[in-house]
A.B. asks: 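Here's a structure for you.
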Amino acid sequence: MCFSATADFTGSVVLGAIGVATLREVKDRRELLIAAMPCLFALHEFIEGFVWLGLEGILSPQVAHNAGAAYVLYAQGLLPFLLPFAVFLIEPTKRQRRRMLGFVILGGVLALYLLWGLIAYPVQISMQANSILYVNVITTTTLVAVLYVIATCGSLFFSGFRALVMLGWYNLVGLLVVMLVKRYAFTSVWCAYAAVVSVVIYFFFRRSRIHRLARYALAT
């Protein structure tokens with residue numbers, strides 16, 4: 001969780017267990033992607049554990065580089081699209097999905113741009129103050145950060161499910177706090193925060209079973 005390899009590996013196990021429990025609450029295939037988010041964050045934190053081991057000299061620098069590239073690929077190249085798309089899929093009505101479409105398109109365009117940046121320019125990985133820094137000249141600009149916030153949080157604010165709107169607020173607050181306190185390690189720290197907050201997704205599925213099924217039934 002951005003503090004050490006042990007913290008990352010431990011966090012990934014806990015999140016993995018929560019992720020499995022979340023997937024067991026799925027009642028419709030349109031829910032699969034958003035229900036898989038805790039598991040994806042668990043894998044994400046597990047990968048960063050190997051970045052720590054490489055940077056600390058326990059494993060080779062090549063391991064740190066490869067694991068860091070995989071970590072940034074998800075955090076910057078995939079998540080801006082996956083999150084709004086997951087919210088788009090779970091919304092039961094055409095009206096709600098139309099409200100999400102702009103965020104999905106923005107996330108898709110941003111993801112393609114960031115993937116290009118990650119391929120065209122090297123990612124510099126280093127440790128500072130118990131955090132890992134991932135620096136890329138394309139993906140770590142202020143404009144990208146603003147668009148990233150809009151894509152990843154915006155769709156949640158317009159969701160028809162109140163718990164997902166709350167998740168959007170939690171994520172937005174976390175983003176702002178991280179930018180103020182540890183902007184230099186934004187990718188690592190915020191992804192750790194988002195992984196913890198993704199526990200909200202489990203409680204969303206756990207507590208809204210009847211409500212979700214009723215909304216899907218009305219939408220068909």
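Keep in mind that the numbers below use all heavy atoms, side chains included, and drop hydrogens, waters and symmetry copies.
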A.B. asks: State whether the side chain of D8 and the backbone N or O of I47 hold a donor-acceptor pair below 3.5 Å, judged by distance alone.
C.D. replies: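 Checked: no pair found.
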A.B. asks: In Å, rounded to the nearest 0.5 Å, how long is the span from CG of L83 to SG of C153?
C.D. replies: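 It comes to 7.5 Å.
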A.B. asks: When rounded to the nearest 0.5 angstrom, what is the spacing between CG in L114 and CD1 in I138?
C.D. replies: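 One finds 9.0 Å between CG of L114 and CD1 of I138.
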A.B. asks: Check whether M100 and W169 end up in the same hydrophobic cluster, where Ile, Leu, Val, Met, Phe, Trp and Tyr are linked by side-chain heavy atoms less than 4.5 Å apart.
C.D. replies: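 Yes, it is one cluster - the side chains of M100 and W169 are joined through contacts under 4.5 Å.
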A.B. asks: Could you tell me if the side chain of Y74 sits less than 4.5 Å from the side chain of L40, heavy atoms only?
C.D. replies: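 Yes, at least one pair of side-chain atoms sits under 4.5 Å.
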A.B. asks: Rounded to the nearest 0.5 Å, how far apart are CD of E48 and CG of L55?
C.D. replies: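 If I round to the nearest 0.5 Å, the distance is 9.5 Å.
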A.B. asks: Applying the 4.5 Å side-chain criterion to the ILVMFWY set and letting contacts propagate, would F203 and V20 be lumped into a single cluster?
C.D. replies: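 Looking at the clustering, V20 is in a separate group from F203.
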A.B. asks: Given the rule in the side-chain contact (heavy atoms from CB on, under 4.5 Å) test, do L133 and I125 qualify, once you have shown the distances and angles that lead to the verdict?
C.D. replies: CA-CA 6 Å; L133 282 65; I125 305 170; over 6 Å; no
A.B. asks: Taking all heavy atoms of A35 and all of V26, pick out the closest pair and write down the distance.
C.D. replies: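 Scanning both residues, the minimum pair turns out to be CB-CG2, 3.4 Å.
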A.B. asks: Give a yes or no on whether the backbone of T139 and the side-chain of N136 come within a donor-acceptor separation of less than 3.5 Å.
C.D. replies: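 Yes; judged by distance alone, with no hydrogens or angles, the pair exists.
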A.B. asks: Looking only at heavy atoms, which two atoms of F50 and L59 are closest? And how far apart?
C.D. replies: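 Shortest heavy-atom contact: CD2-CD1, 3.8 Å.
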A.B. asks: Just so I know, are the side chains of L156 and V87 near enough to count as touching, which here means a heavy-atom distance under 4.5 Å?
C.D. replies: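 Yes. Closest side-chain heavy atoms under 4.5 Å.
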A.B. asks: Is any side-chain heavy atom of I132 closer than 4.5 Å to a side-chain heavy atom of W52?
C.D. replies: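 Heavy-atom side-chain distance check passes, below 4.5 Å.
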A.B. asks: State, to 0.1 Å, how close Y202 and A21 come at their nearest heavy-atom pair, and which atoms those are.
C.D. replies: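 Nearest pair, atom of Y202 first, then A21: CE1-CB, 3.7 Å.
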A.B. asks: If hydrophobic clusters are built from ILVMFWY residues whose side chains come within less than 4.5 Å, do V13 and L15 share one?
C.D. replies: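 No, V13 and L15 fall in different hydrophobic clusters.
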A.B. asks: Here's a test for you: under side-chain hydrogen bond (donor to acceptor under 3.5 Å, both in side chains), which of R99, K94, R98 qualifies with Q96?
C.D. replies: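 Testing each of R99, K94, R98 against Q96, the sole residue satisfying side-chain hydrogen bond (donor to acceptor under 3.5 Å, both in side chains) is R99.
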A.B. asks: More than 12 foreign heavy atoms under 6.0 Å from CZ of F157: is that the case here?
C.D. replies: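 Count over threshold, so yes.
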A.B. asks: Is there a path of hydrophobic side-chain contacts, each under 4.5 Å between heavy atoms of I/L/V/M/F/W/Y residues, joining L112 to L78?
C.D. replies: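 No, no single cluster joins them.
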A.B. asks: Taking the side chain as every heavy atom from C-beta outward, state whether V199 and I201 have any atom pair closer than 4.5 Å.
C.D. replies: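 Not in contact.
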A.B. asks: Taking the side chain as everything from C-beta on, heavy atoms only, tell me whether V144 gets closer than 4.5 Å to L147.
C.D. replies: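 Contact flag for V144/L147 side chains = no.
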A.B. asks: Can a salt bridge be assigned to the pair E91 and R97 using a cut-off of 4.0 Å between side-chain N and carboxylate O?
C.D. replies: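 Looking at E91 and R97, the cut-off is not met.
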A.B. asks: When rounded to the nearest 0.5 angstrom, what distance separates CD1 in I150 from CG in L110?
C.D. replies: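 CG of L110 is found 9.5 Å from CD1 of I150.
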A.B. asks: Just verifying a value: how many Å separate M37 CE and C39 SG, rounded to the nearest 0.5 Å?
C.D. replies: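 SG of C39 is found 11.0 Å from CE of M37.
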A.B. asks: For L89 and F85: C-alpha separation, side-chain torsions, deciding distance, then whether side-chain contact (heavy atoms from CB on, under 4.5 Å) applies.
C.D. replies: CA-CA 6 Å; L89 290 178; F85 186 56; 3.7 Å; yes
A.B. asks: With side-chain hydrogen bond (donor to acceptor under 3.5 Å, both in side chains) as the criterion, how do Q76 and Y71 come out once you've worked through the C-alpha distance, each side chain's angles and the decisive distance to 0.1 Å?
C.D. replies: CA-CA 9 Å; Q76 298 179 355; Y71 184 88; over 6 Å; no
A.B. asks: Hey, does V63 have a side-chain heavy atom less than 4.5 Å from the side chain of L53?
C.D. replies: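 They are not in side-chain contact.
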A.B. asks: Evaluate S12 against L43 for side-chain contact (heavy atoms from CB on, under 4.5 Å), listing each step before the verdict.
C.D. replies: CA-CA 6 Å; S12 70; L43 178 60; over 6 Å; no
A.B. asks: For F103 together with F88, are the ring centres under 6.0 Å from each other?
C.D. replies: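 Centroid separation for F88 and F103: 6.0 Å or greater.
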A.B. asks: Indicate yes or no: at least one non-hydrogen side-chain atom of E25 is less than 4.5 angstrom from one of E31.
C.D. replies: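 Sidechains of E31 and E25: no contact.
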A.B. asks: Can you see which heavy atom on T152 is nearest to which on S155, and at what distance?
C.D. replies: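 Smallest heavy-atom distance, with atoms named: O-OG, 4.4 Å.
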A.B. asks: side-chain contact (heavy atoms from CB on, under 4.5 Å) between V200 and Y170: does it pass, once the steps are laid out?
C.D. replies: CA-CA 9 Å; V200 174; Y170 292 148; 3.9 Å; yes
A.B. asks: What's the shortest heavy-atom distance between Y121 and W116, and which atoms?
C.D. replies: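 What the structure gives for the nearest pair is CE1-CH2, 3.9 Å.
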A.B. asks: Give the minimum heavy-atom separation between L79 and Y148, together with the two atoms involved.
C.D. replies: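 Closest approach of L79 to Y148: CD2-OH, 3.5 Å.
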A.B. asks: Can you find a pair of side-chain heavy atoms, one from I90 and one from L164, that are under 4.5 Å apart?
C.D. replies: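 Yes. Closest side-chain heavy atoms under 4.5 Å.
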A.B. asks: Starting from F158, can I reach L101 by hopping between I/L/V/M/F/W/Y residues whose side chains sit under 4.5 Å apart?
C.D. replies: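 Same hydrophobic cluster.
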A.B. asks: Look up atom CZ in F161 and atom CZ in F205, then write down how far apart they are to the nearest 0.5 Å.
C.D. replies: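 Going from CZ on F161 over to CZ on F205, the span is 8.5 Å.
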